[in-house]
Trainee: 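This is the structure, below, for whatever I ask next.
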Amino acid sequence: MDQGRPPHPIRPPRFPALADLLDPGTYRVGAYVLLSVPLGGLVAALLTGAVLAGVLTLPVLVGALFLLGALWLVGALGDMQRALVSVLGVRFVRPAQPPTSGVLGWLGATLSDPVTYRTLLFHVIQLPLGLVCWVVLAALLALVVLGLGAPLWLMDASVPLVWNEWTLRPGPLATAGLMLSGAGALLVTAGVLNLMGRMWTRLGTALLAQDAGEAARREVIALRRAAGRVALGDDLDATLRDLTTQAREASTAEAVALVAPDGTPRALDAGFGDLPPSLLGGALTRPPAPGEASLTLLGGGAALAILPVALPASTGVDGGTLRALYAPGTRPGADELAFLLSIADHAGTALHAAQLIERAGTRAGELERARLARELHDSVAQALYGITLGAKTARATLDRDPERTRQSLEYTIRLAEGGVSEMKALLFSLRPDALEEGGLIAALTQHAHALEARHGLSVHTELREEPELSPDAQAAAYRVAQEALHNTVKHARAQAVWLSVTQDAAHVTLSVRDDGRGFDVTAQGRGTLGQRSMRERAAGAGGTLEVLSAPGQGTRVTLTLPRAPQATAALEVSA
């Protein structure tokens, strides 16, 4: 299935006929084939010797140890085989061994593991298959040497070619033809090596790879970690990088990238390899359909899986693609593509969450600006307008009515002082670090002064020493007091309000009481939402909230919070 490909994902060679000869992978395959025979002979000798020694000495019970050693060698030599096959670009993850108890537990687990028998089959096949590769390569290399070395042995007159009664002395044309044949044999040798590499890669993947159950466990763990990262991650770039890492580590891909719709890589994980980002980037001519995956064959036998990063259709935004690059000879199965689709869906969720957070922040900024505009219009702007009128009146009456001028100036001064208080209150509400700088008592004192200046309330405070509260409890106490005082101004029609903060050995108590008209706390009214907000803040800080009121008897809000643990511990020690 080929639904879309990047333009030129891998640059084609300038001379296609020399592609196999110029490919570094060809020489890695040659090195593997050269090592396959001595390694296969070593493996065969070790296993055969251990089994024969075990069988011959079995009557004296020592043979059991040799047989156990042979079984252990199957797994140990299998790890060595996996390390050697990695030269071909195949990446293996060693199967996780279940916890066992003693030799019998290990023996049962090893004998019941299908990987053991597949690894043993690879050991058996390696030596004869390696010998066949050696014979084929030796014949081809002989043709290469004879052809390319033709000038050395054909043009030497002291070594004539004799066939029956004929003595052959090839001329320059025959020599050139033999050299071309040698060059052709060299190209064929490179192509045969490439085919051998694919054969060994498929054989190693089929017999040395871990079992499907282990792969499924790794994919489940990766999906669980990815879900946790998406749910808790507040850094989009870090979340996308972590998703690509989880996808690469739990799959057989060499590299995984999340690519934006314009072809720019958002995140790339190539393990410890040095892979340029442009290899997996590039805009697609036809992106894959939602929920589907495309597999594109690249030069050199590599493969590129392309999967869509889906966002909700309501957003109208393309999330880009997830791309996984596979080594030559390696192909993802249906289960692995389904796993990568799940990772792509997690990436889409992370992108959508980031968009929602950005929109919420923008909306919150707009609401806050609107609130400040209302506050400025209702308070500071009116105060400035009154100051302007007072100043004009004073100027108009300065020469003919000094007493009225004095009254106008006093009125202007009062308005200016009220405007300053209003501005201080607004600036205080915009500074979230005010509590950290001045503490709860200073914050409540400043808020009480602003309340008196703005609304003409008589605020009686009992704010002495700074209470021992955690930062979260301190913020909760200030917000509850702020909400209670706001309700007093908005609903109570009170003339006076009493604000106090006291503490004992284990608790800090904040109380806000007014002489307003009160209300029925059991009825559903306008104060329900505010009460719910205060109760949630109290519960979040580990405290309790009590609201007492009755029609015509005012309202009392009491917040009880636990003292900070270090303060309680200090009191216990001193006692």
Trainee: Are side-chain heavy atoms of L129 and L203 found at a separation under 4.5 Å?
Mentor: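 The answer is yes; the side chains approach within 4.5 Å.
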Trainee: Got a second to check how far L121's CG is from L208's CG, nearest 0.5 Å?
Mentor: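 Answer for the CG-CG pair, L121 versus L208, is 9.5 Å.
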Trainee: In Å and rounded to the nearest 0.5 Å, what is the CZ to CG distance from R248 to L325?
Mentor: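 Answer rounded to 0.5 Å: 12.0 Å.
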Trainee: State, to 0.1 Å, how close V43 and Q126 come at their nearest heavy-atom pair, and which atoms those are.
Mentor: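 Smallest interatomic distance, heavy atoms only, reads CG2-OE1, 4.5 Å.
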Trainee: If I compare all heavy atoms of G130 with all of S36, which pair ends up nearest, and what's the gap?
Mentor: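 Heavy atoms only, the tightest pair is CA-OG, 3.7 Å.
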Trainee: Could you measure the distance from the OG atom of S470 to the CG atom of L561? Nearest 0.5 Å is fine.
Mentor: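 Rounded to the nearest 0.5 Å, the OG-CG separation comes out at 8.0 Å.
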Trainee: Give me the atom names and distance for the closest heavy-atom approach of L341 to P308.
Mentor: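 Taking L341 first and P308 second, the nearest heavy atoms are CD2-CD, 4.0 Å.
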Trainee: Apply side-chain contact (heavy atoms from CB on, under 4.5 Å) to residues L243 and L322 and explain how you reach the verdict.
Mentor: CA-CA 10 Å; L243 289 177; L322 182 145; over 6 Å; no
Trainee: I'd like to know whether L207 forms a side-chain contact (heavy atoms from CB on, under 4.5 Å) with I125, so could you lay out the CA-CA distance, the side-chain angles of the two residues, the decisive distance to 0.1 Å, and finally the verdict.
Mentor: CA-CA 10 Å; L207 298 181; I125 293 175; 4.3 Å; yes
Trainee: What I'd like to find out is whether the side chain of L295 reaches to under 4.5 Å of the side chain of L304, using heavy atoms alone.
Mentor: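 Sidechains of L304 and L295: no contact.
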Trainee: Measure the CD-OG1 distance between Q246 and T244 for me, rounded to the nearest 0.5 Å.
Mentor: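 Here the rounded value is 9.0 Å.
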Trainee: Taking all heavy atoms of A253 and all of E336, pick out the closest pair and write down the distance.
Mentor: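 Where A253 meets E336 most closely, the heavy atoms are N-OE2, 4.1 Å.
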Trainee: Give a yes or no answer on whether the side chain of R537 reaches the backbone of A476 with a donor-acceptor pair at less than 3.5 Å.
Mentor: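 Not confirmed, R537 side chain does not pair with A476 backbone.
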Trainee: Any chance you could measure L88, atom CG, to M196, atom CE, to the nearest 0.5 Å?
Mentor: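 So the gap between those two atoms works out to 12.5 Å.
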Trainee: Could you walk me through whether T264 and V259 pass side-chain contact (heavy atoms from CB on, under 4.5 Å), step by step?
Mentor: CA-CA 6 Å; T264 304; V259 183; 5.9 Å; no
Trainee: Could you check if a side-chain atom of L131 sits within less than 4.5 angstrom of a side-chain atom of V37, using non-hydrogen atoms only?
Mentor: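 Yes. Closest side-chain heavy atoms under 4.5 Å.
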Trainee: Among L39, L42, L47, whose side-chain contact (heavy atoms from CB on, under 4.5 Å) with L77 holds?
Mentor: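 When L39, L42, L47 are each tested with L77, the side-chain contact (heavy atoms from CB on, under 4.5 Å) holds only for L47.
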Trainee: How long is the span from the CG atom in L111 to the CG atom in L71, to the nearest 0.5 Å?
Mentor: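 Interatomic distance, L111 CG to L71 CG, rounded to 0.5 Å: 5.5 Å.
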Trainee: Could you tell me whether a side-chain N or O of T48 sits under 3.5 Å from a main-chain N or O of A45, the two making a donor and an acceptor?
Mentor: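 No, because the side chain of T48 does not come within donor-acceptor range (under 3.5 Å) of the backbone of A45.
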Trainee: How far apart are the C-alpha atoms of V55 and F66, what are their side-chain angles, what is the distance that settles it, and do they pass the side-chain contact (heavy atoms from CB on, under 4.5 Å) test?
Mentor: CA-CA 8 Å; V55 172; F66 282 104; over 6 Å; no
Trainee: Hey, does the side chain of T245 reach the backbone of R241 with a donor-acceptor pair shorter than 3.5 angstrom?
Mentor: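 Flag set: sc T245 to bb R241 pair under 3.5 Å.
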Trainee: When you compare the side chain of L307 with that of I343, does any pair of heavy atoms fall below 4.5 Å?
Mentor: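 No - every pair of side-chain heavy atoms lies 4.5 Å or more apart.
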Trainee: For a 4.5 angstrom cut-off between non-hydrogen side-chain atoms, does W106 reach L68?
Mentor: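 Contact flag for W106/L68 side chains = yes.
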Trainee: Is there a donor-acceptor pair closer than 3.5 Å between any side-chain N or O of T119 and the backbone N or O of V74?
Mentor: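 Answer holds: no.
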Trainee: Looking only at heavy atoms, what is the nearest atom pair of A350 and L236, with distance?
Mentor: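 That would be O-CD1, 3.8 Å.
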Trainee: Please report the closest heavy-atom contact between D318 and G320, naming both atoms and the distance.
Mentor: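 So the minimum-distance heavy-atom pair works out to OD1-N, 3.1 Å.
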